[in-house]
J.: 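Attaching a single structure in structure tokens format; questions to follow.
Just so you know, these numbers use all the heavy atoms, side chains as well, and skip hydrogens, waters and symmetry mates.
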Amino acid sequence: MPSYKAPVDDVMFLLGDVFHIDRYNNLPGFAEATPDLVEAVLAEAAKFSEQVLTPLNRVGDKEGCRRNDDGSVTTPTGFKDAYRKLTSGGWIGISAPAEFGGQGLPMVLAQAVSEFLCSANMAFGMYPGLTEGAIAALHAHASAEQKALYLPKLIAGQWSGTMNLTEPQCGTDLGLVRTRATPQADGSYKISGTKIFISAGEHDLVENIVHLVLARIDGAPQGTRGISLFIVPKFLTDAGGGPGTGRLGARNAVECGSIEEKMGIHGNATCVMNYDGATGWLMGEANRGLQAMFTMMNEARLGVGVQGLALSEVAYQNAAAYAKERLAGRALSGAKFPQQPADPIIVHPDVRRILMTIRAFNEAARALVLWTALKADIAHRSEDAKERQAAEDHLGLMTPVIKGVLTDQGFANTVLAQQIFGGHGYIADNGMEQFVRDARIAMLYEGANGIQALDLVGRKLPKDGGRALQAFFAEVTAYMKEHGADAGMAPYVAPLGRALGELQQATMWFLQNALGNPDNAGAGATDYMHLFGLVALGYMWCLIADAAKAKTAKAKTAGGEDGTAQRLKQRLAIGRFFMERLLPAATTHLARIKAGAASTMELPAEAF
């Protein structure tokens, strides 16, 4: 059975030595996040993930969820007890507002915990993850009465949340939504329609499920401008959508029609949800539901990026352990373990190439996630309007990159890790094929990755006159100038400079060639997203290497080299591998972008 050890030390290094979260103590919740508290939270999250969730991962995969004749859904053995432990530990409310029962700690800490949960058991981690997204949407857009009713229950884990967007005829193009909302005399609405692919749509982990549903009010305009967002609970409460005790009343007219038969994440109930005149309440303004739902969608997209990282991490750990145990052949430079009948496969350069590729990605991707989560904290908690704007710009720019690049590469890394096992990776006993199957969905939901690339190129780059992009370019350029004379940083800074130049060339090429022919942008969007991702990950490696060098020097000054110093040296080597072996792919992405759309679009549709 696969194993997992949460990377607590790596997260502590990033939070303390790379991003210096102590410098943000002026923000609400950060002063309470002392190093001791952060380490204690991470240690407990690691313990829960390793001891409770990891053993249930294969159980959930084998058993799946079961829909009963009455429309209820039974989750796999052990999930209910694990969820009870999750909620009693207060894990859902780590970064939620204290006024509604949350702990109010930084979001950056919650994202680290989310990685641990998803590495251990991605299907299980989706249940609280969707609830956290619903909490964010309600806190940003719900009325005071709605917040008072729903947020305490969601934060406590008594209730859970979902997002209901997709319908049989529409996924990405939500302007095609057909679900109807008919106004009622008491201010509520009757919601009618069918939603598909609804993760955690029905289950037995909580007493009530709060669905956030996109629907079109009768008579509303067609297209996205006529979509509204509604709160539709599984059970009505004594106060409806207003204030009250939240005591459960009658069952609402919403039911799980079926559970999707799918490739992976079997432990999560992916449902077809039927709304048959269900009672719902408008959240936010009428016909502006998509804007409100984007709060939850952006939270979800960052969370899905974390899933890509999480599966890459757990797959790497198991592949590395296997490579150190599996005997096959001799090292090309001569036997390394002559007392054994063969050397472990970790001695072979190609095996190390695979492992180093995955690890070099994981460490930089984790940094990118935490850096962006820190920006989210600034956007939500800073009193400085300019700081908030800059942080919001960063989030808008990086969300499609994190979602698209981390899930594309996360899936690729699970396949690479499976390769280490040879045929043993293809069978179920070692768990590697489950990582591959589970990771695949992350490239598809919350906006397929091709859509993320188009969003980046078509909307995020030109937004506000390119303000967010120029800020990113300026930050990376300033860093390179500051460290350009440091010989010790040259193996990191010089390659990053070349890749940044290629990203700037690609950006300029779009400006010159995409306005006249938008297909040029469409044909190059995915390559641009991955080129951007490489530069962002390369920048993270510069920050990591810089911090590792500083900490190593401090350790030497203190006298001697302990295990920490050795790990820091190893980190520097992994960073050089990224710069030498992964970052050069930027050149290929640029060449593809400059090739334009001519050959891509030349064939008529009937030729396919």
Side-chain angles (χ1 to χ4, degrees), residues 10 13-21 23 353 356-372 374-375 390 394 397-398 401-402 405-406 409 468-508 527-557 565-591 593:
D10 290 348
F13 170 73
L14 290 171
L15 294 179
D17 296 284
V18 177
F19 298 119
H20 305 283
I21 65 167
R23 297 176 182 175
R353 173 190 62 82
M356 289 288 280
T357 294
I358 304 173
R359 187 166 173 182
F361 166 83
N362 289 351
E363 297 204 17
R366 181 173 298 113
L368 184 59
V369 165
L370 296 181
W371 184 42
T372 301
L374 187 56
K375 297 292 186 181
H394 174 99
L397 184 66
M398 287 297 173
V401 175
I402 287 176
V405 174
L406 267 60
Q409 194 58 48
L469 179 68
Q470 293 306 317
F472 175 75
F473 285 167
E475 178 172 347
V476 179
T477 300
Y479 179 88
M480 291 189 301
K481 286 182 178 179
E482 181 182 349
H483 294 81
D486 184 346
M489 286 296 295
Y492 310 94
V493 173
L496 177 62
R498 290 191 292 272
L500 177 64
E502 289 170 323
L503 178 60
Q504 291 170 325
Q505 288 181 57
T507 306
M508 184 58 65
D527 278 293
Y528 186 91
M529 179 180 72
H530 280 278
L531 173 53
F532 200 117
L534 283 171
V535 172
L537 294 173
Y539 180 43
M540 293 300 99
W541 264 117
C542 283
L543 298 180
I544 292 168
D546 196 9
K549 282 180 172 292
K551 195 165 186 176
T552 300
K554 190 179 295 184
K556 287 182 179 179
T557 302
Q566 289 298 317
R567 286 193 295 273
L568 291 169
K569 281 187 175 181
Q570 294 165 8
R571 191 167 271 128
L572 292 172
I574 298 166
R576 290 198 309 274
F577 179 91
F578 181 91
M579 297 297 178
E580 295 168 1
R581 302 297 298 264
L582 303 185
L583 194 56
T587 303
T588 301
H589 290 303
L590 176 61
I593 291 166

J.: So which atom in Val401 and which in Gly533 form the shortest heavy-atom distance, rounded to 0.1 Å?
T.: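 Of all heavy-atom pairs spanning Val401 and Gly533, the closest is CG1-CA, 3.8 Å.
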J.: Rounded to the nearest 0.5 Å, what separation is found between the CG atom of Leu537 and the NE2 atom of His530?
T.: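 Nearest 0.5 Å value for the CG-NE2 distance: 10.5 Å.
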J.: For residues Pro495 and Ala490, report the shortest heavy-atom separation together with the two atoms involved.
T.: CD-O, 3.6 Å
J.: Under a 4.0 Å threshold between the charged nitrogen and the carboxylate oxygen, would Glu502 count as salt-bridged to Arg498?
T.: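 No salt bridge links Arg498 with Glu502.
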J.: Let's go through Phe532 and Leu469 carefully: what are the C-alpha distance in whole Å and the side-chain angles of both, what is the deciding distance for side chain to side chain contact (heavy atoms under 4.5 Å, CB included) to 0.1 Å, and is it a yes or a no?
T.: CA-CA 10 Å; Phe532 200 117; Leu469 179 68; 3.5 Å; yes
J.: Is there a side-chain contact between Leu406 and Val369 (heavy atoms, below 4.5 Å)?
T.: yes
J.: Evaluate the side-chain proximity of Arg571 to Asp10: yes if any heavy-atom separation is below 4.5 Å, no if none is.
T.: yes
J.: Keeping His20 on the side-chain end and Asp17 on the backbone end, is there a donor-acceptor pair under 3.5 Å?
T.: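 At least one qualifying donor-acceptor pair exists.
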J.: Nearest 0.5 Å please: distance from the NE2 atom of His589 over to the CG atom of Leu503.
T.: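 Rounded to the nearest 0.5 Å, the NE2-CG separation comes out at 11.0 Å.
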J.: Measure the shortest side-chain to side-chain distance between Leu534 and Phe578 over non-hydrogen atoms and say whether it is less than 4.5 angstrom.
T.: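 A side-chain contact under 4.5 Å exists here.
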J.: Can you see which heavy atom on Leu374 is nearest to which on Ile21, and at what distance?
T.: CD1-CG2, 4.5 Å
J.: Does Met398 form a side chain to side chain contact (heavy atoms under 4.5 Å, CB included) with Trp371? I'd like the steps, not just the answer.
T.: CA-CA 10 Å; Met398 287 297 173; Trp371 184 42; 4.1 Å; yes
J.: How far does CD1 of Ile574 sit from CE of Met579, to the nearest 0.5 angstrom?
T.: 13.0 Å
J.: Looking only at non-hydrogen atoms, find the nearest pair between Ala367 and Ile544 and report the distance.
T.: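 Residues Ala367 and Ile544, closest heavy atoms: CB-CD1, 4.0 Å.
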J.: To the nearest 0.5 angstrom, please state how far the CG atom of Leu500 sits from the CD atom of Gln504.
T.: 4.0 Å
J.: Regarding Arg567 and the six-membered ring of Phe13, is the cationic atom NZ or CZ under 6.0 Å from the ring centre and inside 45° of its axis?
T.: no
J.: Sequence neighbours left out, what pairs pass side-chain hydrogen bond (donor to acceptor under 3.5 Å, both in side chains) with at least one residue falling in residues 533-544?
T.: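 Residue pairs with at least one partner in residues 533-544: Glu475-Tyr539.
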J.: Answer whether the closest heavy-atom distance between the side chains of Lys549 and Thr552 falls below 4.5 Å.
T.: no
J.: Minimum heavy-atom separation for Ala506 to Leu531, with atom names?
T.: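 Heavy-atom minimum between the residues: CB-CD2, 3.8 Å.
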J.: Does a side-chain heavy-atom distance below 4.5 Å link Arg581 with Met356?
T.: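 Not in contact.
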J.: Closest approach of Tyr492 and Gly575, non-hydrogen atoms and distance?
T.: CE2-C, 3.7 Å
J.: In the structure I gave you, are the side-chain heavy atoms of Tyr479 and Asp546 within less than 4.5 Å of one another anywhere?
T.: yes
J.: So do Pro491 and Glu580 actually touch side chain to side chain, heavy atoms under 4.5 Å?
T.: no
